[in-house]
Amino acid sequence: MTVSEAVEALEGRFDAVVAAEQRVEPRDWMPEAYRATLVRQIAQHAHSEIIGMQPEGAWLTRAPSLRRKAILLAKAQDEAGHGLYLYAAAETLGVDRAELTEKLISGRQKYSSIFNYPTLSFADVGVIGWLVDGAAICNQVPLCRCSYGPYARAMVRVCKEESFHQRQGFELLMTMMRGTEAQRAMVQDAVDRWWWPSLMMFGPPDGDSPNTAQSMAWRIKRHTNDELRQRFVDMTVPQAQHLGVTLPDPELVWDEERGSWTFGEPDWSELKQVIKGQGPCNAQRIERRRAAHEDGAWVREAALAHAEKQKERNR
Ligand code: BYC
């Protein structure tokens with residue numbers, strides 16, 4: 001068998017596994033572009049979980065009650081855990097977590113645009129749970145069926161925890177909506193600021209999404225960006241009505257024929273700016289992440305020295 005025949009046979013086997021809805025595992029042969037796409041997406045996803053702790057974390061010391069503080073602390077800890085599963089999933093593709101962190105803090109890898117917006121009041125904590133975790137669930141439930149085994153399995157647990165996060169956000173907002181006029185105004189203000197950025201989390205419109213077609217063919221992504229965005233709007237509008245808030249979109253209207261909500265166009269130039277690093281908080285988020293990484297150097301050194309000692313002892 002020639003080298004090109006051998007490669008063809010491997011490609012054929014890979015295509016058959018993907019077509020049969022079976023899982024590609026780390027030990028399996030895979031096309032280099034498939035591996036690179038997964039590293040890109042999983043790393044971006046892991047970075048988002050870790051950076052995503054910052055906007056909410058800003059309210060840990062100012063939570064209005066011990067109960068709210070404990071809930072928020074648990075949520076941020078869950079997010080750290082999600083980051084760890086995802087970095088571990090990326091490592092099965094032959095990359096190193098330290099290398100990925102280096103790429104994040106030097107601006108060579110992305111994280112979700114949503115975490116570059118400021119959290120101005122405690123209502124933002126509720127709205128992040130409701131809208132941001134809600135959008136994350138819409139995007140991530142289909143990833144439980146992603147063709148790459150370690151990523152798909154990590155998503156199962158992540159999604160369960162995200163559902164809980166979304167409920168805590170909704171419950172916080174319901175409580176505030178039953179409160180004073182000022183509390184209701186805080187919730188509406190937070191919804192006004194987070195609605196459009198939440199829609200942008202799903203990525204650019206399908207016509208401007210260079211990666212979707214190939215990622216769908218490989219069954220990494222199971223739906224396009226626009227399909228998931230529509231699903232999110234359809235899921236969220238009745239919840240907004242139940243809460244008693246107004247979504248800041250004058251074009252939002254029920255389309256009887258499609259059985260779906262028609263909505264306005266997000267400002268795609270804003271998404272491009274934020275992805276390029278020019279959002280309201282990009283510099284601050286990366287600077288904090290870099291400082292935390294440097295502050296943690298002694299912990300990594302101590303853990304390595306401990307592991308060395310253990311190895312020595314076992315010998
Ligand atoms: N922000 O061809 P496209 C969470 C980039 S964490 C920044 O459509 P793709 C949570 C994209 O990477 C939420 N960049 O790409 C945590 C690509 O760039 P490159 C994170 C974006 O990959 C804490 C370019 O634009 N979730 O839930 O097919 C608290 C073109 O886009 C964004 C995930 O990471 C964006 N919004 O589709 C609470 C989920 N959108 O690398 C909650 C996993 C696009 O080609 N990721 N870009 O230069 C995905 O599902 C997909 O990667 C995306 C983008 C749908 C995000």
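Remember, it's 1-based here, ligands and their atoms both numbered in the order they're listed.
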Atom 22 (O) of ligand 1 - nearest protein heavy atom and its distance: Arg40 NH1, 3.0 Å
So, Asp255 versus Ser260: side-chain donor-acceptor pair below 3.5 Å or not? no
Could you check which of Gln41, Lys276, Gln44, Gln140 puts a non-hydrogen atom nearest to atom 26 (N) of ligand 1? Gln140
Out of Ser112, Ala43, Pro204, who is nearest to atom 31 (O) of ligand 1 when you count heavy atoms only? Pro204
For atom 39 (C) of ligand 1, grab the closest protein heavy atom and report residue, atom and distance to one decimal in Å. Asn139 OD1, 3.0 Å
Is the shortest N/O to N/O distance between Glu49 and ligand 1 below 3.5 Å? no
Met200 neighbourhood, listing ligand 1 atoms whose heavy-atom distance to it stays under 4.0 Å: 36 (N)
Proximity to ligand 1 by part of Val274, non-hydrogen separation under 4.0 Å: neither
heavy-atom search around atom 32 (C) of ligand 1 in the protein gives Ile275 CD1, 3.8 Å
What is the nearest protein non-hydrogen atom to atom 15 (O) of ligand 1, stated with its residue, atom name and distance? Asn211 ND2, 3.3 Å
Are side-chain N/O atoms of Glu102 and His293 paired as donor and acceptor at under 3.5 Å? no
Does Glu56 reach ligand 1 with a nitrogen or oxygen that is under 3.5 Å from one of the ligand's nitrogen or oxygen atoms? no
Numbering the atoms of ligand 1 from 1, which are under 4.0 Å from a heavy atom of Ala136? 27 (O)
Looking only at non-hydrogen atoms, the one of Lys221, Met216, His45 nearest atom 33 (C) of ligand 1 is His45
Report yes or no: do His47 and Tyr87 form a side-chain donor-acceptor pair below 3.5 Å? yes
Polar side chain donor-acceptor pair, Asn116 to Tyr111, under 3.5 angstrom: yes
For ligand 1, is any non-hydrogen atom under 4.0 Å from Asp133's backbone (N, CA, C, O), its side chain (CB onward), both, or neither? side chain
Going by the angle between their ring planes, with limits at 30° and 60°, are Phe170 and His242 parallel, tilted or perpendicular? parallel
Just which atoms of ligand 1 are under 4.0 Å from any heavy atom in Met201? 36 (N)
Pair Asp226, Thr224: side-chain N/O donor-acceptor within cut-off below 3.5 Å: no
State whether a side-chain donor-acceptor pair under 3.5 Å links Arg219 with Ser215. no
For residues Tyr151 and Thr92, is any side-chain donor paired with an opposing acceptor at under 3.5 Å? no
Ser209 heavy atoms within 4.0 Å reach ligand 1 at atoms 2 (O), 3 (P), 8 (O)
Tell me the nearest of Gly203, Ser48, Pro142 to atom 6 (S) of ligand 1, using heavy-atom distances. Ser48
Would you sort out whether Met30 and Leu93 count as a side-chain contact (heavy atoms from CB on, under 4.5 Å), showing the intermediate values? CA-CA 10 Å; Met30 60 188 85; Leu93 292 157; 3.8 Å; yes
Protein heavy atom at shortest distance from atom 30 (C) of ligand 1: Pro210 CD, 3.8 Å
Side-chain donor-acceptor pair present, Asn282, Gln278, cut-off under 3.5 Å: no
If we ignore angles and hydrogens, is there a donor and acceptor under 3.5 Å between the side chains of Tyr34 and Ser147? yes
Say whether Arg23 and Tyr148, considering side chains only, have a donor N or O and an acceptor N or O under 3.5 Å apart. no
Lys110 N/O to ligand 1 N/O under 3.5 Å: yes
Between ligand 1 and Ser215, is the shortest N or O to N or O distance under 3.5 Å? no
Under 4.0 angstrom from ligand 1, any heavy atom of Glu162? yes
Whether the Glu265 and Trp268 side chains hold a donor-acceptor pair (N or O, under 3.5 Å, no angle test) is what I'd like checked. yes
Quick test: of every protein heavy atom, which one is nearest to atom 35 (C) of ligand 1, and how far off is it to 0.1 Å? Ser113 OG, 3.5 Å
If hydrogens are left out, which of Tyr151, Phe115, Tyr111, Phe202 has an atom nearest to atom 7 (C) of ligand 1, that is, the closest non-hydrogen atom? Tyr111
Please confirm whether Phe202 and His223 have ring centers closer than 6.0 angstrom. no
Distance to 0.1 Å, residue and atom name: give those for the protein heavy atom nearest to atom 29 (C) of ligand 1. Glu79 OE2, 3.0 Å
